[in-house]
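Okay, so here's the structure we're looking at.
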Amino acid sequence: MTEAPLIVPGTAGPQGQDDLLAGLNPQQLEAVTYRGPALLIVAGAGSGKTSVLTRRIASLLRSREAWPSQILAITFTNKAAGEMRERVAGLVGDVARGMWISTFHSACVRILRREAEQFGFTKTFTIYDSGDSRALIKRLVKEHEADAYGLTPASVQSRISKLKNELSDAESYARDANMSDPAERIFVELFADYQRQLRKANAFDFDDLIGQTVYLFRAFPQVADTYRRRFRHILVDEYQDTNHAQYALIHELTRPVSASAAPDPYASNGMMIFEPEPAAAPDAPEGGASLTVVGDSDQSIYAFRGADIRNISEFERDFPGAQVVLLEQNYRSTQNILSAANAVIGNNFDRKDKKLWSDKGDGDAIIGFTGYSQHDEAQFVADEVESLHRAGMPYSEMAVFYRTNSQSRALEEIFIRSAVPYKVMGGTKFYDRAEIKDALAYLVAVANPADDMSVRRILNKPRRGIGDVTETAIARFAEEHDISFRDALAHPTQLGFGPKIQAAIAQLDAVLTEATAIMLPASGELPPPTTVAEGLSLLLSKSGYLDALRASRDPQDEARVENLDEFVAVTRDFARNNPEGTIVDFLTEVALVSDADDLEDESGTVSLMTMHTAKGLEYDAVFVTGVEEDLIPHRISAGEPGGPQEERRLFYVGITRARKRLHLSLAMTRAQFGEVTVAMPSRFLQEIPAGLIDWRQSPGDVNSRGGMQSRALNARRSGGFGSSGSGSGDRFGVKALPGRDSLKPLSTAMDRFPNRVTAKVRDNGDLELTAGDRIRHTDFGEGRVDAVTGEGAKRIAHVRFDTSGQKKLLIKVAPIEKI
DNA sequence: TAGTATTGGCTTTTT
DNA sequence: GCCAATACTA
């Protein structure tokens, strides 16, 4: 063991640990205080794992077992990292600053930036997100004419990504592949070429960030030792979601320092680098770092992108002598919600049995609802949200989940009409917008001129009269003279184009050069970070990009200008938060921070998101929508090994987010793909004991005589929905159908559903309404206006309908008329 | 070469 | 139903 530091800098004095351990149950206590080489914390949903993790870190610091700089805590999202940092800071104060608390990806970027020169990259490398690499792969597929062999850019991309997650490269794949198959040969060529292009562009793709760090550690043991010496305590959150590359990274970091290991000349591709590390501390050799992992195999929902559940299930084998702590007490949800969750997940075979329990009491029943269409379902959600809100629950404590992003549309339509404030998390990403990608490409062209992709992207943006022909000619010129595409722009006269094109190229070159002078001064001194905003503004205005948008009469371009303004504001924010940040730091942040990370709850909006995004979050009231076959479980999952089980875990994640109220809803028909299709209730619904769900309108309620059964009958039924017990036939008003068939809708005729809601929107112009007016709504019938709030386009009518109850309506778009 | 019309193809989840 | 890539026209 390392000698414990004598003084912990910062505010944390030699206080006791009492406050850290207060209120912990015995298992949590063990998880915080156990000391040893390896610890696995199996943390069920809502079992207080973040609290345990942060207290464990704080405890290490307080007891002076570790310096902040010796701690590496890894999470999957930046949001989780930020939260953890904040909570640790709350426990130990400013000391928290010295720790690495970050995602796998940003930790690796940090290491790679520092070490890039060891293996042929520069510090300013760019990071390709999946869109960037798709663009590159697309070009390569075309060049190799790989489409003739049935290789699409998408399939190539996903195969390469999978392989990289397994730490294989083109060469190692080729060894095992059936190379007599021409398609395989082409794929291997593509893979190798892709990797060559990345290297040439001084770029890493997302998977490389992890994979290349592992490669770096293996090829340069003395580099790895630096980090092994530094990090003595490594903690990994959401361990069930790690893929093989991430697993290998952790393994490399927790190895004992290899002290006298010599660099392996073969592993480094012939680039021998002898840069002796400062001698190890006198008390070396040290053992490997201590490793703490936290996870829950029931919440593993990322197998599709390479997460390997075995990393957690075989942890004890990988790290012999590991201690295992099981956290089963749930502090989040009521027992009814947990019973439903346990019942669902219990259907997964091959899992260690684990039962969450709560001492919060049963709580409210789970509420079920079946709509005729997705709009009908959305209206139910909106109504329920409003009624909870009236009862005092803030919007920010409610969330609506769905399986696929496209399902958000119907919800949004209805929410807008009903004046429910909402926010879609992680939908179309800001950084995915074309204009933002263009602006980024301009910045990358400055920061990393070797990156041809970016330069090509901006070549004709705005339109400069440069087309395919010209681009190819420049590329050929660059190749012939063995210079980069960017450098080729500096020689417009030698390219043999017409004067107009020459001038355009010269102008672009001049703008880039000018921006480079601002953002990356040749003097080598650190430029103030405000230069990023300055440089960006300069690039956008002098390149003519903004002018072109302003001159356009496409209304969308107006929004694009606004987005760019916002983007410039982002750079200013960055400067404020990172006084020493450079353009490269800025680009790194942008590449790694997705919108799923801006989950800041602006209190006062309902959150809409996919069930994947929902992981790790919790809300008082949760609506899980679209609980239908082919959606959850998704149809695509049926063919994949382990697919249905992963879908069940996803559903489990969804329902365990709820603290007090859980709503499960579905639609009988769903417009998908432009067509209306009949939907079937999800098999997962049957796995929930019938007594736990109070169906406001169940799939079985619609009978062949039209209309639905009364609430009273519905609530009192004996056998329960979906059970094969006696009495289940009664509910249908027709002959009982056994087993799963009983979930089948008996009729999808529209007239059998009360309260149908359509997607119709109309423009009411300046329709004036005041309290006391009577109105007619196409879906809800007649009603009386109680009050009108808001102004202009956002005026909201609070209406009491004769038959449909209380609703809020956005006057401008609601399908209503005054009577 | 740019801008428009048309077709086709597709939709799981995302660090 | 939507977006993107392609084909076609100015």
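Each chain gets a letter, A, B and so on, in the order the sequences are listed, and its residues count up from 1. Side chains are part of it too, since the values below use all heavy atoms of this structure and drop only hydrogens, waters and symmetry mates.
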Rounded to whole angstrom, note down the C1' distance from C:dA5 over to B:dT12.
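It comes out at 23 Å once rounded to the nearest Å.
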Would you call A:Glu435 and A:Lys461 a salt bridge, taking side-chain N to carboxylate O under 4.0 Å as the test?
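Not counted as a salt bridge, because no side-chain N and carboxylate O are separated by less than 4.0 Å.
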Whole angstroms only, please: what is the [atom1]-[atom2] distance between [X] and [N]?
{"X": "A:Ile501", "N": "B:dT1", "atom1": "CD1", "atom2": "C1'", "answer": "9 Å"}
{"X": "A:Arg464", "N": "B:dA2", "atom1": "CZ", "atom2": "P", "answer": "11 Å"}
{"X": "A:Phe401", "N": "B:dT13", "atom1": "CZ", "atom2": "C1'", "answer": "14 Å"}
{"X": "A:Glu471", "N": "B:dA2", "atom1": "CD", "atom2": "P", "answer": "12 Å"}
{"X": "A:His634", "N": "B:dT11", "atom1": "NE2", "atom2": "P", "answer": "11 Å"}
{"X": "A:Ile301", "N": "B:dT12", "atom1": "CD1", "atom2": "P", "answer": "16 Å"}
{"X": "A:Leu650", "N": "B:dT12", "atom1": "CG", "atom2": "C1'", "answer": "9 Å"}
{"X": "A:Arg134", "N": "C:dA5", "atom1": "CZ", "atom2": "C1'", "answer": "12 Å"}

Strictly below 4.0 Å: does [X] bring a side-chain N or O up to OP1 or OP2 of [N]?
{"X": "A:Ser130", "N": "B:dT14", "result": "no"}
{"X": "A:Asn405", "N": "B:dT13", "result": "yes"}
{"X": "A:Ser406", "N": "C:dC2", "result": "no"}

On the side chain of A:Arg403, is there an atom forming a donor-acceptor pair with the base of B:dT13 - under 3.5 Å, no angle test?
yes
Whichever of A:His105 and A:Val469 has its nearest DNA chain B nucleotide further upstream toward 5':
A:Val469
On DNA chain B, does the nearest nucleotide to A:Ala154 precede the nearest nucleotide to A:Arg305 from the 5' side, or the other way round? Give the residue.
A:Ala154
Of the nucleotides [options], which one has an atom closest to the side chain of [X]?
{"X": "A:Thr613", "options": "B:dT14, C:dG1, B:dT1", "value": "B:dT14"}
{"X": "A:Arg463", "options": "B:dT14, B:dG3, B:dT1", "value": "B:dG3"}
{"X": "A:Lys138", "options": "C:dC2, B:dT14, C:dA5", "value": "C:dA5"}

With centres under 5.5 Å and planes under 30°, do A:Tyr302 and B:dT14 count as stacked?
no
[X] and [Y]: side-chain donor and acceptor closer than 3.5 Å?
{"X": "A:Asp205", "Y": "A:Tyr194", "answer": "yes"}
{"X": "A:Glu115", "Y": "A:Tyr227", "answer": "yes"}
{"X": "A:Gln195", "Y": "A:Asp208", "answer": "yes"}
{"X": "A:Tyr545", "Y": "A:Asp438", "answer": "yes"}
{"X": "A:Ser133", "Y": "A:Gln157", "answer": "yes"}

Assign A:Thr470 to base, sugar-phosphate, or nothing according to its heavy-atom contacts below 4.0 angstrom with the strands shown.
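Sugar-phosphate, backbone atoms only, no base.
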Tell me what A:Asn460 touches on the nucleic acid: a base, only sugar-phosphate, or nothing, going by heavy atoms under 4.0 Å.
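Here A:Asn460 touches the backbone only, sparing every base.
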